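Accompanying notes for the structure given below.
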Amino acid sequence: MSIGQMTKHRQLGLTDSQALEMYTYMLKARMFDERCFLLQRSGKIAFHVSGIGQETAQVAAAFALSREEDYFLPYYRDYGFVLSVGMTLKELMLSVFAKAEDPNSGGRQMPGHFSHKKLNIVTGSSPVTTQVPHAVGFALAAKMKRKNFVAFTTFGDGSSNQGDFHEGCNFAGVHKLPVIFMCENNQYAISIPLHKQVGGSIAERAHGYGFPGVKVDGRDALEVYRVVKEARERALRGEGPTLIEAVMYRISPHSTSDNDLLYRTSEEVEENRAKDGLPRFKQYLIDCGLWSETQDAELAAAIKRELVEATNYADDAPFPAPEDTLKHVYAEQREG
């Protein structure tokens with residue numbers, strides 16, 4: 001690796017500590033994901049949707065945005081993203097255990113339906129791709145109110161074929177809105193491989209709506225950071241939206257209800273595991289002289305302790321009360 005390649009994060013405006021923080025969130029998301037599989041298999045939680053293999057792009061994108069100003073509309077695999085913008089492992093565990101303290105929905109939604117008002121994470125719903133037109137609505141508000149923020153939304157390659165995606169892109173293109181669309185192309189729409197669900201390029205669809213589309217290696221953290229940062233700067237200059245297609249691979253099954261070997265081979269999975277962005281970024285940090293295997297083991301041990309504490313807390317926390325079933329569903333009636 002050349003000197004220039006070893007300092008790429010600095011050239012992009014990231015400090016050494018920020019690069020290390022990025023890796024910390026990637027590893028934290030990965031270990032959370034792996035623990036949830038164990039919890040589901042042991043009967044502790046009912047269901048888990050995985051994002052293993054997608055953390056690199058999620059965390060890199062989060063670091064290219066403003067946690068104080070921007071609004072985030074993630075999709076259900078974005079553990080790395082929501083952790084990076086401020087959610088805690090305890091909060092995520094409360095969600096998967098469906099407990100009353102869960103900040104996303106009070107334990108009433110499925111895991112991965114992120115929502116956190118203080119962190120500008122806008123609530124999501126089960127129908128895929130509905131977050132795209134919602135993000136466009138936030139961007140429209142920014143333009144109408146002359147506010148200096150960007151709306152950022154993510155979705156899968158399967159979602160790019162839904163009407164909400166095309167309607168959102170068209171409206172955003174017509175009005176030149178400050179929104180960033182990031183497709184986490186993990187090669188599968190549940191069990192349907194990319195070549196059976198997408199004709200042509202997802203990124204190139206943006207040109208039909210009048211704004212740039214960028215295809216990037218989603219396993220390369222610094223390249224994802226660069227293109228998201230450029231898209232944000234472009235949006236704030238009033239030049240409109242950007243569609244980013246981050247190409248990656250979903251290493252894990254679609255969910256704990258899925259047998260992925262019914263539609264793909266173990267050889268394919270292992271081939272892509274070898275290209276995983278997490279160890280790739282770890283090696284980059286080691287090559288830069290910023291990280292070591294000893295530090296990595298210490299970090300993993302610290303995250304494990306945090307996970308155990310979060311798991312125990314969520315396991316012991318109370319479930320929502322039956323009388324709270326309709327809480328926040330209907331507006332409260334006011335006298336007079």
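All values derive from a computational prediction rather than experimental measurement. Position 1 is the first residue of the sequence, and the numbers go up from there. Every heavy atom of this structure was used, including side-chain atoms; hydrogens, water molecules and symmetry mates were not.
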Pair [X]-[Y], side-chain donor/acceptor within less than 3.5 Å:
| X | Y | value |
| --- | --- | --- |
| R205 | N161 | yes |
| T15 | R10 | no |
| Q197 | D157 | yes |
| T294 | S292 | no |
| S50 | D33 | yes |
| D287 | Q283 | yes |
| R219 | N272 | yes |
| H113 | S125 | no |

Under a 3.5 Å distance rule, please check whether [X] uses its side chain to pair with a backbone N or O of [Y] as donor and acceptor.
| X | Y | value |
| --- | --- | --- |
| E167 | F165 | no |
| T24 | L20 | yes |
| R250 | S252 | yes |
| Q131 | T129 | yes |
| R30 | Y25 | no |
| T153 | L73 | yes |

Determine whether [X] and [Y] make a side-chain contact, defined as any pair of heavy atoms from C-beta on separated by less than 4.5 Å.
| X | Y | answer |
| --- | --- | --- |
| V136 | L177 | yes |
| V214 | E245 | no |
| F152 | V179 | no |
| H254 | R77 | yes |
| D164 | F155 | no |
| V174 | Y209 | no |
| P103 | M87 | yes |
| N185 | Q54 | no |

Go through the structure and list residues passing ring pair (Phe, Tyr, Trp, His ring centres under 6.0 Å) with [X], not counting sequence neighbours.
| X | value |
| --- | --- |
| F149 | Y71 |
| F72 | F81 |
| Y76 | none |

(message) Set out, in order, the CA-CA distance, both residues' side-chain angles and the distance that settles salt bridge (charged side-chain N to carboxylate O under 4.0 Å, His left out) for E293 and K282, then state yes or no.
(response) CA-CA 9 Å; E293 292 293 351; K282 169 187 165 183; 3.0 Å; yes

(request) Could you tell me whether H134 and F138 have their ring centroids closer than 6.0 angstrom? (result)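 H134 vs F138: aromatic centres not under 6.0 Å.
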
(request) Indicate, with yes or no, if the rings of Y225 and H9 have centres closer together than 6.0 Å. (result) no

Check this for me, if you would: do [X] and [Y] make a salt bridge, where the nitrogen-to-carboxylate-oxygen distance has to be below 4.0 angstrom?
| X | Y | value |
| --- | --- | --- |
| E223 | K8 | yes |
| E306 | K28 | yes |
| R234 | E230 | no |
| D70 | R232 | yes |

(request) Tell me, please, which residues at least two apart from K215 pass salt bridge (charged side-chain N to carboxylate O under 4.0 Å, His left out). (result) none

(request) Only counting residues at least two apart or in another chain, list the ones meeting salt bridge (charged side-chain N to carboxylate O under 4.0 Å, His left out) with R41. (result) none

(request) Starting from I52, walk the hydrophobic network (Ile, Leu, Val, Met, Phe, Trp, Tyr; side-chain heavy atoms closer than 4.5 Å) and list everyone else you reach, by chain and number. (result)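 Members besides I52, by chain and number: F37, Y188, Y249, I251, Y263, V269.
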
(request) Using the ring of F319 (Phe, Tyr or Trp, six-membered ring only), decide whether K99 places NZ or CZ under 6.0 Å from its centre and within 45 degrees of its axis. (result) yes

(request) Could you tell me how the ring of Y23 sits relative to the ring of F281: parallel (under 30°), tilted (30 to 60°) or perpendicular (over 60°)? (result)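 Correct class here is tilted.
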
(request) Test salt bridge (charged side-chain N to carboxylate O under 4.0 Å, His left out) on D220 and R226 and set out the steps. (result) CA-CA 10 Å; D220 186 332; R226 180 184 66 81; over 6 Å; no

(message) Once rounded to the nearest 0.5 Å, what's the spacing between atom SG of C183 and atom CD1 of I244?
(response) 11.0 Å

